[in-house]
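Everything below concerns the one structure shown next.
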Amino acid sequence: MAEKEPYYLTTAIAYTSGKPHIGNTYEIVLADAIARFKRMQGYDVFFQTGTDEHGQKIEEKAKQSGVTPKQFVDERAAEVKRIWDLMNTTYDKFIRTTDADHEAQVQKIFKKFYEQGDIYKGAYEGMYCTPCESFWTESQLVDGKCPDCGREVKPAKEEAYFFKMGKYADRLIEHINTHPEFIQPVSRKNEMMNNFLLPGLQDLCVSRTSFKWGIPVDFDEKHVVYVWLDALNNYITGIGFDVDNPSEQYKKLWPAGLHLIGKDIIRFHTIYWPIFLMALGQPLPKQVFGHPWLLQGGEKMSKSKGNVIYADDLVSLFGVDAVRYFVLHEMPFDNDGTITWELVAERNNAELANVLGNLVNRTVAMSNKYFGGVVENKNVSDEVDEDFKAFVAGVKDKVVSKMDELRVADAISEVFALFRRSNKYIDETAPWALAKDEAQRDRLATVLYNLAESILIGASLLKPFLPETADKILSFFGETVRALDDLSTFGLYRGGKVVEKPEILFARVDYAKEIAPKVAAIQEAQRKAYEAEQPKEPDPKITIDDFAKIKIKVGEVIACEAVKKSKLLHETVKIGGETRSILSGIAAYYTPEEMVGKKVLVVTNLPPRTMKGIVSEGMILCAEDKDGRVVLVSPEQDVESGSEIS
RNA sequence: CGCGGGGUGGAGCAGCCAGGUAGCUCGUCGGGCUCAUAACCCGAAGGUCGCAAGUCCGAAUCUUGCCCCCGCAACCA
């Protein structure tokens, strides 16, 4: 027997700055479906996922929470793993970039690059704002000053290591052009070529000195390795790569069959990562698939509103497989998809409960009712059987071909087409009518056998997507998953006894009555948790003299226009005898027309500031509520322009 | 002209790369059936495929311009 062909697939490793929401969870489920399917196809699959745990952001978050970075990421990584496990995903390895062997290898790789001249020591040059400790490029500066604090910046240099990207660019362009399958979907390929490769690659800064929470450069301890050079290498360190002596596992598995990643990090995976591999003298992964995002419908997701959707909340309401179904089926191939609680409930009812659950239920029920639960093929065929059998037997090939293109959503649709066809078959054969005629008893048995067989084929095909459900269905018929190769042959089921009372696979839910209140409770809890997290320092007290320093006067808006491509309105305000040009970020809440004629309160002794090329000579006072809605503050009665506030 | 994605019957999407009867799921309406989780099956209504121009025998699909929406970034004195 031939040795199984290896297939190594990875997800991006999750950044441990926060709890992964449903959009992040989607990726692991998608990878799991692919991994399970590949195993079914007979590949020797190795499926790796994990967490990316270094970087400045994590250092800061840990500090805020008052724990060490290590404690912080331990907690976060455990949370990620818990959710991955909850989703019933079958990863073979969960790597963490803080694993000792990973860190050691990254140091070796960095050193090798340095020794072979791919990495050189240089200086990062730019405009530096000392109070903010940040570098800015010329184009980022606002009015020649720091975009964060508005203070002066000065040219500065910081020592850093750089990777010579240009050296490998031609080879990479060549590779991408000769391997059209390398970047998926293809639309992403052009984006990478046109925006980054063809204009010429900049050398990449691959070390940092501004924070400590990273892998130290072992021959120059004040530097830590840039997070991407650290993180990307997980794909090889996780399977035992070693600069000097790669493991047997590495030799077997590399190059990877598939890196599954979000579309936002395609650049790192199709440009930097291949180039690092070239520098290591290693072959490139066969395929990088940048999947789209699962976006939350309606309003923007934010913790303060409590409307972030997390996998575990969804699972608590709908069950694991319903959530897997939703993310796998609802996610388009190259557009972003939408998720709302209501949509999940709708899919649960319309497809899982009505089409699949009810089909299984009615089939088992009829087998019990008419034959005491014994399914037997009596081979009494009818014309209508032919089309049905051909359809069912043809589904496997369709699923395989969709999966070969990574069109998981389409693959799962094909399986459901089988279940829909089976429901139709029940109508075509009307078993309840056959049951009334004793002479049709064998025909009735055959119909129920055909139904059972089609459900069994469907359940086996469903296994990679909805593993628990597939197993339950099969167990109702006393069967186990059938080999993929046997799924295009109709009639392999030998018959047998079905369960007396099948468990309801997916219960219908009433969104308004059952789900909506629970969703409200989840959101409320989330909002409270968020508020509790916020530092609650009392506002520092000021003196009356401090207040007196602020000059606030009543002004009248005499002209106003929107500033293009911004949230700004540009008002001309008459304050007593003078007029001022003022900018305010309220374009989303007021139109220029309604601003004109309004009496507003203006802080008049702020230094002028330029935004979008326009000078602002004051600030109009507004109130902002917790949803970010902004409302002008105005004198309660009409008062003369120029009046002072005291 | 910061980067990117999108505008297809009421909703969510496919079709666009390789032009040629506009498809799927839900919803609505009508009918059928009663084994089943008020589920299932059949039929119907409903779309000038964002707007305009161009290429072509022919454009949802290719080209150009414009409008609008959504992310990210920036900005909100």
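What you see is a predicted model; the values in this text were computed from it and never measured. Within every chain, numbering begins at 1; the chains are lettered A, B, ... in the order of the sequence lines, protein sequences first and strands thereafter. Values below: all heavy atoms of this structure, side chains included; hydrogens, waters and symmetry mates excluded.
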Of the listed nucleotides ([options]), which one gets closest to any side-chain atom of [X]?
| X | options | result |
| --- | --- | --- |
| A/Lys424 | B/rC41, B/rC35, B/rC26 | B/rC41 |
| A/Arg420 | B/rC40, B/rA77, B/rC26 | B/rC26 |
| A/Ser616 | B/rA77, B/rC40, B/rC35 | B/rA77 |
| A/Ala350 | B/rC26, B/rA77, B/rA36 | B/rC26 |
| A/Arg508 | B/rA77, B/rA36, B/rA39 | B/rA39 |

For nucleotides [N] and [M], find the distance between their [atom1] atoms and express it as a whole number of Å.
| N | M | atom1 | result |
| --- | --- | --- | --- |
| B/rC51 | B/rC42 | P | 34 Å |
| B/rC49 | B/rC62 | C1' | 16 Å |
| B/rG12 | B/rC70 | P | 14 Å |
| B/rG7 | B/rG50 | P | 7 Å |
| B/rA59 | B/rG15 | C1' | 13 Å |
| B/rC29 | B/rG46 | C1' | 11 Å |
| B/rA45 | B/rG30 | C1' | 10 Å |
| B/rA73 | B/rG4 | P | 16 Å |

Aromatic centroids of [Y] and [X] separated by under 6.0 Å:
| X | Y | value |
| --- | --- | --- |
| A/His175 | A/Phe182 | yes |
| A/Phe419 | A/Phe416 | yes |
| A/Phe465 | A/Tyr325 | no |

Practice item. Test the A/Lys398-A/Phe391 pair against the cation-pi criterion, namely NZ or CZ under 6.0 angstrom from the six-membered ring centroid and within 45° of the ring axis. Key: yes
When we call it a touch if two heavy atoms are under 4.0 Å apart, what does [X] touch: a base, just sugar-phosphate, or nothing?
| X | value |
| --- | --- |
| A/Asn358 | base |
| A/Gly357 | base |
| A/Leu505 | base |
| A/Phe506 | base |
| A/Glu351 | sugar-phosphate |
| A/Arg580 | nothing |

Value in whole Å for how far the [atom2] atom of [N] lies from [atom1] of [X]:
| X | N | atom1 | atom2 | value |
| --- | --- | --- | --- | --- |
| A/Leu356 | B/rU37 | CG | C1' | 12 Å |
| A/Leu328 | B/rC13 | CG | C1' | 16 Å |
| A/Ile620 | B/rC76 | CD1 | P | 14 Å |
| A/Ile265 | B/rG4 | CD1 | C1' | 15 Å |
| A/Tyr325 | B/rU25 | OH | P | 11 Å |
| A/Met366 | B/rU34 | CE | C1' | 11 Å |
| A/Ile550 | B/rA77 | CD1 | C1' | 13 Å |
| A/Asn349 | B/rC26 | CG | P | 12 Å |

Taking any strand in view, what nucleotide pairs with [N] in a Watson-Crick or G-U wobble way, both distances under 3.5 Å?
| N | result |
| --- | --- |
| B/rA74 | none |
| B/rU28 | B/rA44 |
| B/rC49 | none |
| B/rC35 | none |

**Study point:** Phosphate-side-chain proximity, A/Arg407 and B/rG15, N/O vs OP1/OP2 below 4.0 Å
**Key:** yes
Check your understanding: Is A/Arg347 near enough to B/rU25 that one of its side-chain N or O atoms lies under 4.0 angstrom from OP1 or OP2?
Key -> no
Exercise for review: Decide yes or no, distance alone: a donor-acceptor N/O pair under 3.5 angstrom between the base of B/rA39 and the side-chain of A/Asn354.
Suggested key: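 Between B/rA39 and A/Asn354, which were checked side chain against base, a qualifying N/O pair under 3.5 Å is absent.
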Check your understanding: Taking all atoms of both residues into account, what is the closest heavy-atom pair of A/Val395 and A/Glu414, and its distance?
Key -> CG1-O, 3.7 Å
Check your understanding: Taking for each residue the nucleotide of RNA chain B bearing the nearest heavy atom, is the 5' side occupied by A/Asp410 or by A/Trp432?
Key -> A/Asp410
Review point. Considering heavy-atom distances to RNA chain B, does A/Ile504 or A/Arg421 have its closest nucleotide positioned more toward the 5' end?
Key: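 Counting from the 5' end, the first nearest nucleotide belongs to A/Ile504.
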Check your understanding: Can A/Lys424 and A/Asp427 be counted as an ion pair, charged N to O under 4.0 angstrom?
Key -> no
Review point. Is there a donor in the side chain of A/Arg508 and an acceptor in the side chain of A/Asn348, or the other way round, less than 3.5 Å apart?
Key: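 A/Arg508 vs A/Asn348: no donor-acceptor pair found between side chains.
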Review point. Mind checking whether A/Phe388 and A/Tyr425 have parallel, tilted or perpendicular rings, split at 30° and 60°?
Key: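 It falls in the parallel class, under 30°.
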